[in-house]
Amino acid sequence: MSKRFTRSEVASQGTTTEKPLLIIRNKVYNVASWLGDHPGGKEILMMHAGKDATKDYEEIGHSDPAIEHRETYLVGELVPQDQSEYADIPKRVNYIARGGRSS
């Protein structure tokens, strides 16, 4: 992961369907090729395009395979001065394959 982005760059360059950029825990993802296949729909991804989606991403919870798949879209990370600690956002809720919560 060599590309570094500022939050401003993500906000100004990452809001189109050709290049929707999301920030999740200081990493930047280009989800253009995932728009048509995302189980939550294209709209939810575009609603967060150009923004930090960490809080909503963690609140909804994702399976381990979904989290691994997310890394397919990794294009870089935020520059150090724009990174957040996310201390107020707990790590994701684990879900088992059938959609129920695990403990």
Side-chain angles (χ1 to χ4, degrees):
M1 176 175 32
S2 59
K3 177 81 171 129
R4 298 253 175 149
F5 295 85
T6 64
R7 286 184 183 271
S8 178
E9 287 172 325
V10 172
S12 66
Q13 299 172 16
T15 59
T16 67
T17 55
E18 292 78 32
K19 188 180 176 184
L21 299 177
L22 305 178
I23 300 167
I24 300 174
R25 293 205 177 269
N26 298 315
K27 293 182 180 180
V28 179
Y29 300 88
N30 181 339
V31 296
S33 62
W34 184 229
L35 291 177
D37 298 321
H38 185 264
K42 170 184 176 177
E43 295 79 16
I44 194 72
L45 293 175
M46 290 308 300
M47 183 174 81
H48 292 89
K51 302 175 187 170
D52 192 324
T54 303
K55 183 174 189 261
D56 289 341
Y57 181 87
E58 296 293 2
E59 283 181 356
I60 196 70
H62 290 80
S63 67
D64 288 337
I67 292 166
E68 290 172 19
H69 185 72
R70 177 187 77 199
E71 297 307 304
T72 304
Y73 307 104
L74 181 65
V75 293
E77 66 183 337
L78 292 177
V79 295
Q81 60 269 29
D82 279 358
Q83 292 187 5
S84 295
E85 289 192 33
Y86 301 108
D88 59 331
I89 301 173
K91 285 283 189 176
R92 68 180 170 83
V93 175
N94 289 320
Y95 283 85
I96 56 176
R98 293 188 179 124
R101 289 184 179 189
S102 65
S103 48

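Just so it is clear, the structure is predicted and the values come from calculations on it, not from any experiment.
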Joint cluster assignment, V79 & L74, ILVMFWY side-chain distance < 4.5 Å: no

Spatial distance of atom CG (L21) from atom CD (E9) [nearest 0.5 Å]: 10.0 Å

Nearest heavy-atom neighbours spanning A53 and I24: CB-CG1, 4.4 Å

Point-to-point distance, once rounded to the nearest 0.5 Å, from CG of D52 to CD of Q83: 11.0 Å

Pairwise side-chain contact, K51 with I23, heavy-atom cut-off 4.5 Å (strictly under): no

Residue Q81 excluded, over 12 heavy atoms near CD under 6.0 Å: yes

Could you go through residues 29-40 and list every donor-acceptor pair under 3.5 Å that involves a side-chain atom there, pairing it with any protein atom two or more places apart or in another chain?
{"unit_1": "Y29", "atom_1": "OH", "unit_2": "R70", "atom_2": "NE", "d": "3.2"}
{"unit_1": "Y29", "atom_1": "OH", "unit_2": "E71", "atom_2": "OE2", "d": "2.9"}
{"unit_1": "N30", "atom_1": "OD1", "unit_2": "A32", "atom_2": "N", "d": "3.0"}
{"unit_1": "H38", "atom_1": "ND1", "unit_2": "G40", "atom_2": "N", "d": "3.0"}
{"unit_1": "H38", "atom_1": "ND1", "unit_2": "G41", "atom_2": "N", "d": "3.4"}

Contact summary for I44 and H48, nearest pair of heavy atoms: O-ND1, 2.9 Å

Euclidean distance, D82 CG relative to N26 CG, rounded to 0.5 Å: 9.0 Å

Working for side chain to side chain contact (heavy atoms under 4.5 Å, CB included), residues R25 and T54: CA-CA 6 Å; R25 293 205 177 269; T54 303; 3.6 Å; yes

Any donor-acceptor N or O pair under 3.5 Å, side chains R7, S12: no

L22/L45 under side chain to side chain contact (heavy atoms under 4.5 Å, CB included): CA gap, chis, key distance, verdict: CA-CA 8 Å; L22 305 178; L45 293 175; 3.9 Å; yes

Aromatic F5 / basic K3 pairing, under 6.0 angstrom, 45° off normal: yes

Steps toward side chain to side chain contact (heavy atoms under 4.5 Å, CB included) verdict (M46, T17): CA-CA 7 Å; M46 290 308 300; T17 55; 3.9 Å; yes

